[in-house]
Amino acid sequence: MECYKCKAAEMKPTRAQAQVQIGGCAFVGSVEAVKCPSCETVLLDGPALERFELVVAAKLGEAGEASGPAFKHMRKAIGMKATDLAVLLDVRPETISRWETDAQPVERRALALLVALVADELAGSTATLDRLRALAKPRKLAKSVRVGKVAA
């Protein structure tokens with residue numbers, strides 16, 4: 001990879017500090033990056049930075065942080081548009097906006113579901129998202145459904 005700044009031929013792998021401020025709390029971590037040996041420009045790795053943002057979202061959820069900025073960070077960390085989250089939570093998009101700007105307190109149920117979505121994303125699961133989508137668009141079950149072997 002070539003340095004965009006000085007056009008040096010090769011960037012070297014390194015680690016760099018990433019930081020995000022949510023409310024009054026600073027979250028700091030070390031992420032993968034590359035550094036130009038000539039001009040010392042450092043570029044953070046995109047996927048590593050996204051993972052950092054997701055870990056921050058999980059920490060916010062674990063702490064039960066219910067502020068608008070925390071809610072917005074968690075939503076963005078899972079890559080979800082406010083309108084899509086509104087559909088899943090069965091609220092109007094304006095409600096999401098009011099929560100995220102602290103114009104209205106975040107509902108505990110909504111926060112609990114968003115925290116579950118964050119935890120699933122971190123674990124590589126879509127279980128909560130699948131359940132919310134099924135609730136948003138229910139399917140009619142057949143008269144008989146085979147469930148297979150059930151262990152005790």
Side-chain angles (χ1 to χ4, degrees), residues 1-137 139 148 151:
M1 172 182 199
E2 179 181 280
C3 177
Y4 78 93
K5 202 171 190 180
C6 73
K7 306 297 182 205
E10 191 177 335
M11 303 282 278
K12 303 286 184 192
T14 189
R15 295 196 68 80
Q17 182 175 298
Q19 182 173 333
V20 64
Q21 186 90 17
I22 312 280
C25 187
F27 295 85
V28 182
S30 174
V31 298
E32 294 175 14
V34 289
K35 183 176 183 179
C36 176
S38 299
C39 70
E40 300 198 0
T41 295
V42 176
L43 298 175
L44 301 179
D45 179 71
L49 192 54
E50 287 174 2
R51 183 73 177 180
F52 170 75
E53 298 279 346
L54 188 58
V55 169
V56 168
K59 294 284 185 195
L60 289 165
E62 290 166 9
E65 178 57 48
S67 69
F71 191 88
K72 183 175 185 175
H73 181 87
M74 286 185 262
R75 175 184 60 78
K76 287 185 158 201
I78 61 171
M80 187 168 289
K81 294 179 184 175
T83 53
D84 294 337
L85 183 59
V87 168
L88 292 175
L89 298 178
D90 197 24
V91 297
R92 297 179 50 92
E94 295 83 2
T95 301
I96 300 291
S97 176
R98 287 185 199 106
W99 290 340
E100 291 183 350
T101 60
D102 279 332
Q104 184 176 327
V106 176
E107 289 182 13
R108 284 181 64 197
R109 293 173 298 216
L111 181 59
L113 288 169
L114 183 56
V115 169
L117 289 167
V118 168
D120 281 359
E121 183 75 21
L122 198 55
S125 172
T126 60
T128 304
L129 181 59
D130 295 342
R131 287 184 196 105
L132 288 172
R133 285 182 174 154
L135 289 168
K137 292 185 179 177
R139 296 180 287 129

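Note that this is a predicted model, so its numbers are computed, not measured.
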Donor-acceptor pair, side chain of Ser67 and main chain of Ala70, under 3.5 angstrom: yes

Within residues 47-58 or reaching into it, pairs that qualify as side chain to side chain donor-acceptor pair (under 3.5 Å) - sequence neighbours excluded: Glu53-His73

Minimum heavy-atom distance Val106-Ala66, with the two atoms named: CG2-O, 3.4 Å

CH2 on Trp99 to CG on Leu89, rounded to 0.5 Å: 5.5 Å

Heavy-atom closest contact (Ala33 atom, Val42 atom, distance): CB-CG1, 3.9 Å

Test item: Arg15 side-chain N/O and Ser30 main-chain N/O as donor-acceptor pair under 3.5 Å: yes

Distance, nearest 0.5 Å, that separates CZ of Phe52 from CG of Leu44: 9.5 Å

Rounded distance (nearest 0.5 Å) linking atom CZ of Arg131 with atom CG of Leu113: 10.5 Å

Nearest heavy atoms of Leu111 and Gly64, plus distance in Å: CD2-O, 4.2 Å

Enclosure of Asp130 CG (heavy-atom neighbours >12, cutoff 6.0 Å): yes

Closest heavy-atom pair and its distance - Asp120, Ala127: OD2-N, 3.6 Å

Trace of the side chain to side chain contact (heavy atoms under 4.5 Å, CB included) decision for Ile22 with Glu65: CA-CA 10 Å; Ile22 312 280; Glu65 178 57 48; 5.5 Å; no

Distance in Å, Leu49 CG paired with Leu54 CG, rounded so as to fall on 0.5 Å steps: 11.5 Å

Pairing of Arg75 and Glu100 as salt bridge, 4.0 angstrom limit: yes

Those residues that, when tested against Glu107, pass side-chain hydrogen bond (donor to acceptor under 3.5 Å, both in side chains) (two or more places apart): Arg109

Which atom of Pro37 lies closest to which atom of Met11, heavy atoms considered: CD-CA, 4.5 Å

Minimum-distance pair of heavy atoms, taken over all atoms of Ala48 and Val31: O-CG1, 3.9 Å

Thr101 side chain to Ser97 backbone, donor-acceptor under 3.5 Å: yes

Donor-acceptor pair, side chain of Asp45 and main chain of Glu32, under 3.5 angstrom: no

